[in-house]
Amino acid sequence: MTARRIDGKTLSEALRTTVAEEVGRFQAAHGAVPGLAVVLVGEDPASSVYVASKAKQTVEVGMRSFEHRLPADTPEAELLALIEKLNRDDAVDGILVQLPVPRHIDSGRVIAAIDPLKDVDGLTEINAGRLAAGRPGLVPCTPYGSMMMLDWVGRPLAGLDAVVVGRSELVGRPMAQLLLMANCTVTIAHSKTRDLAEVCRRADVLVAAVGRPKMIPGDWVKPGATVIDVGINRIPAPEKGEGKTRLVGDVDFETAVEVAGAITPVPGGVGLMTVATLLANTLIAAHLRRGLTPPAVFADLNRRLFGR
Ligand code: GUN
């Protein structure tokens, strides 16, 4: 049997529609339009495409987009000064500094400079700490979007064995926290894990977030498991012509789709949800910053996803 596809295109469109409706309501009630500032340092082509896509989608849901593109040699102090300015700017509800930043800049210092109320990436110690303690805060976009995809699958998560492969600050760790809040029994696997194949085979929910193309083959997947593939890896695709490339996930989709119960494709999966969730987080931040309760649709979603 082949797995159900968890379609990031359809799910992200639905989320953007919800965000757009709520932006309209927010504007009518409070006379303000939520704003998202995205900061890119340097000219990394992939990051540049992501930033442009974020800005375009921000405008499409009726919010204001502030794009700041800085040269690769921008001094750290200048970036910190920009973040301070954005912290004070009342038109800005969310601040995202695209990662990775150039090596001469300390990403920890940059993240720490972001006002936690505007931290739509959920990366500040305040928001990461709240998540670790199971308290409300801004939740990192990729894990939040992945939880929405699990919600769509419709299989109750309580009591399931969840394995997260990867322990990054941006994805693996927060994803494990959210699965724990959803009452899964959670294992975080990483590069030092012994017998990774066996660990993966125990997973009712398998989340791959390592950034290694097709690392997880179908025979590491438990029959009927739900597979969330966070990887976005560009590999050579000579079959498409000389010098051509294509995107693949961390999971070998062709073999995994024959074993899993449900699976996210790459492209067309988690990546699309991440951006839509960023827009949702900006809208939520616009409420929290003003001492307002976020829209009921998100409160309901959060209760269903992780019981809070
Ligand atoms: N680079 C790749 N993904 C992300 C993300 O979700 N947030 C930020 N800030 N940078 C990224």
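Ligands are counted one by one from 1 in listed order, and the atoms in each one are counted from 1 as well. The residues of the chain are indexed from 1 along the displayed sequence.
For the residue pair Arg5 / Thr264, no side-chain donor-acceptor distance below 3.5 Å is found, with atom types taken as modelled.
Using a 30° and 60° split on the angle between ring planes, Phe306 and Tyr144 fall in the tilted class, from 30° to 60°.
Near Val97, meaning under 4.0 Å from one of its heavy atoms, ligand 1 places the atoms 8 (C), 9 (N). Shown in contact with Leu96 at under 4.0 Å from a heavy atom are these atoms of ligand 1, numbered in order with element: 9 (N).
The protein heavy-atom contact nearest to atom 11 (C) of ligand 1 is Gln98 NE2, 3.5 Å. Counting protein heavy atoms only, atom 9 (N) of ligand 1 is closest to Asp121 OD2, 2.5 Å.
A pairwise comparison of heavy atoms in Val23 and Pro34 identifies CG1-CD, 4.1 Å as the closest pair. In plain terms, the two heavy atoms of Val210 and Asp250 that are nearest each other are N-OD2, 2.7 Å. Summarising the geometry of Val163 relative to Ala189, their closest heavy-atom pair is CG1-CB, 4.4 Å, with the distance given to 0.1 Å.
The residue among Leu99, Leu170, Leu40 with a heavy atom at the shortest distance from atom 4 (C) of ligand 1 is Leu170.
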